[in-house]
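Remarks on the structure that follows.
Bear in mind that the values here come from a model prediction, so they are computed numbers and not experimental data.
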There are 2 protein chains.
Amino acid sequence: MHGRGPWWREKFDQHCVRITAAREIVVNILHETDEHLSASDIYMKAHAISPEIGLTTIYRTLELLEQMRIVQKFDFGDGQARFELLNNPGGKGHHHHLICVKCKKIIDYKDFIDEEINCLGKTQDFLSQKYNFQINDHLVSFYGLCENCRGGER
Amino acid sequence: MHGRGPWWREKFDQHCVRITAAREIVVNILHETDEHLSASDIYMKAHAISPEIGLTTIYRTLELLEQMRIVQKFDFGDGQARFELLNNPGGKGHHHHLICVKCKKIIDYKDFIDEEINCLGKTQDFLSQKYNFQINDHLVSFYGLCENCRGGER
DNA sequence: TTTAAAATGAAAATGGTTTTCATTATTATA
DNA sequence: TATAATAATGAAAACCATTTTCATTTTAAA
Ligand SMILES: [Mn+2]
Ligand SMILES: [Mn+2]
Ligand SMILES: [Zn+2]
Ligand SMILES: [Zn+2]
């Protein structure tokens with residue numbers, strides 16, 4: 001059942017990508033947080049662990065991890081990409097987002113997620129037929145104002 | 001029923017924002033296209049009409065229009081923001097997107113949109129209660145590979 | 001070993017977007 | 001109408017996340 005090494009090893013192997021110290025550190029950082037970290041967030045955390053790691057490597061690693069479908073990249077509208085692990089065992093699992101447009105607070109939610117996925121599934125099947133698309137992913141986000149930011153705008 | 005002037009006039013009035021030539025041109029450009037234009041797309045079109053308009057004004061106008069909820073800003077993952085009119089009479093109306101991650105082709109779809117909106121409505125009501133959020137918008141997008149880009153990857 | 005390929009960091013370049021600032025246009029006031 | 005206050009504008013510069021370049025180091029293959 002269990003392989004030897006971490007869950008993402010086989011994905012590295014499949015893609016003929018080497019498991020280096022820097023890459024391991026990046027995956028671990030993402031594994032240990034439940035925030036949506038930016039490249040420089042990750043850089044700072046990595047730097048605390050291993051100061052010789054460069055920001056460039058962080059960017060390159062994240063792109064690699066994205067290609068291997070180990071991480072997912074998001075734009076929450078604050079001017080920098082943010083990343084989170086995808087399909088990691090014991091992780092949050094697939095979820096959708098609730099985003100405050102003012103303070104950029106992000107809430108992961110799974111309420112009604114099954115209904116949503118079910119509904120999207122139908123649409124997805126239909127669209128992939130109609131437009132001859134190979135659909136791999138979807139994104140559902142709600143935008144608004146969080147409790148704190150609603151203050152002045154009632 | 002009908003006011004005097006274009007449909008967006010009252011929004012400008014409400015926000016105490018002046019209707020200037022540049023702003024009118026930007027709205028008209030967005031009105032006449034069914035593409036998802038970037039700021040520099042709009043700049044080029046505006047420049048063809050009225051060469052003295054600066055790119056800065058395009059950016060400022062777009063931000064203003066976004067605040068007034070006349071346009072909606074999107075990130076489709078190609079490194080620049082793209083814009084489309086929101087709630088314009090005779091316009092496309094609310095729709096969702098199908099995006100090719102390779103060539104960045106964007107398809108507007110409304111298939112099953114009612115079911116989707118209905119489903120999302122429930123979630124939205126629930127979330128706004130649970131998290132005390134004022135939800136103003138949602139985004140639904142499918143990501144994948146279009147007909148052309150699927151070629152090598154079957 | 002020896003050799004080829006992959007990974008890395010520092011520095012520079014890139015490019016979309018924002019800021020600054022001086023000027024011009026519009027509106028409010030006298 | 002004249003005058004003052006405010007808003008809008010464009011050019012240039014600054015900003016800043018991300019990418020590219022390039023020389024060096026690490027790793028795997030022969
Ligand atoms: Mn999340
Ligand atoms: Mn659209
Ligand atoms: Zn907030
Ligand atoms: Zn495509």
Interatomic distance where [atom1] belongs to [X] and [atom2] belongs to [N] [whole Å]:
{"X": "B:F12", "N": "D:dA8", "atom1": "CZ", "atom2": "C1'", "value": "12 Å"}
{"X": "A:R18", "N": "C:dT8", "atom1": "CZ", "atom2": "P", "value": "9 Å"}
{"X": "A:E24", "N": "D:dT27", "atom1": "CD", "atom2": "P", "value": "12 Å"}
{"X": "B:L62", "N": "D:dT9", "atom1": "CG", "atom2": "C1'", "value": "15 Å"}
{"X": "A:D13", "N": "D:dA28", "atom1": "CG", "atom2": "P", "value": "11 Å"}
{"X": "A:M44", "N": "D:dA17", "atom1": "CE", "atom2": "P", "value": "10 Å"}
{"X": "B:Y43", "N": "D:dT9", "atom1": "OH", "atom2": "P", "value": "15 Å"}
{"X": "B:L65", "N": "D:dA8", "atom1": "CG", "atom2": "P", "value": "12 Å"}

Less than 6.0 angstrom separating the ring centers of A:H138 and A:H96, yes or no?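 Yes: the rings meet the under 6.0 Å criterion.
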Check the interface with nucleotides 11-20 of chain C: list each N/O to N/O pair with the protein under 3.5 Å, or write none.
unit_1	atom_1	unit_2	atom_2	d
C:dA11	N6	A:T56	OG1	3.4
C:dT17	OP1	B:A81	N	2.8
C:dT17	OP2	B:Y59	OH	2.5
C:dT17	O5'	B:Y59	OH	3.3

Exercise. Does a side-chain N or O from B:R23 land closer than 4.0 Å to OP1 or OP2 of D:dA8, or not?
Worked result: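 The answer is yes; a side-chain N or O of B:R23 sits under 4.0 Å from OP1 or OP2.
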| said: Just to verify, which of B:F74, B:F142, B:Y109 counts as forming a ring pair (Phe, Tyr, Trp, His ring centres under 6.0 Å) with B:H97? | reply: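 Running ring pair (Phe, Tyr, Trp, His ring centres under 6.0 Å) over B:F74, B:F142, B:Y109 with B:H97 returns exactly one hit, B:F74.
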Indicate yes or no for a side-chain donor-acceptor contact from B:K73 to the backbone of B:E66 under 3.5 Å, with no hydrogens or angles considered.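 Not a single qualifying donor-acceptor pair exists.
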### Query
Nearest nucleotide by nearest heavy atom, which residue falls closer to the 5' end of DNA chain D, B:V17 or B:P51?
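The 5'-side residue here is B:V17.
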*With a 4.0 Å cut-off, would you call A:D75 and A:R82 a salt bridge?*
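Not counted as a salt bridge, because no side-chain N and carboxylate O are separated by less than 4.0 Å.
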> Distance from B:I58 atom CD1 to B:H47 atom NE2, nearest 0.5 Å?
Replying inline: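 That separation rounds to 10.0 Å.
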- Message: Quick check: on DNA chain C, is the nucleotide nearest B:T20 upstream (toward 5') of the one nearest A:I58, or the reverse? Name the residue that is more 5'.
- Response: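 The residue closer to the strand's 5' end, by nearest nucleotide, is A:I58.
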Once you measure the plane-to-plane angle for A:H36 and A:F76, does it fall in the parallel (<30°), tilted (30-60°) or perpendicular (>60°) bin?
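Aromatic pair A:H36/A:F76 classed perpendicular.
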Trace of the side-chain contact (heavy atoms from CB on, under 4.5 Å) decision for B:R23 with B:R18
CA-CA 9 Å; B:R23 288 168 182 176; B:R18 293 178 188 166; 4.1 Å; yes
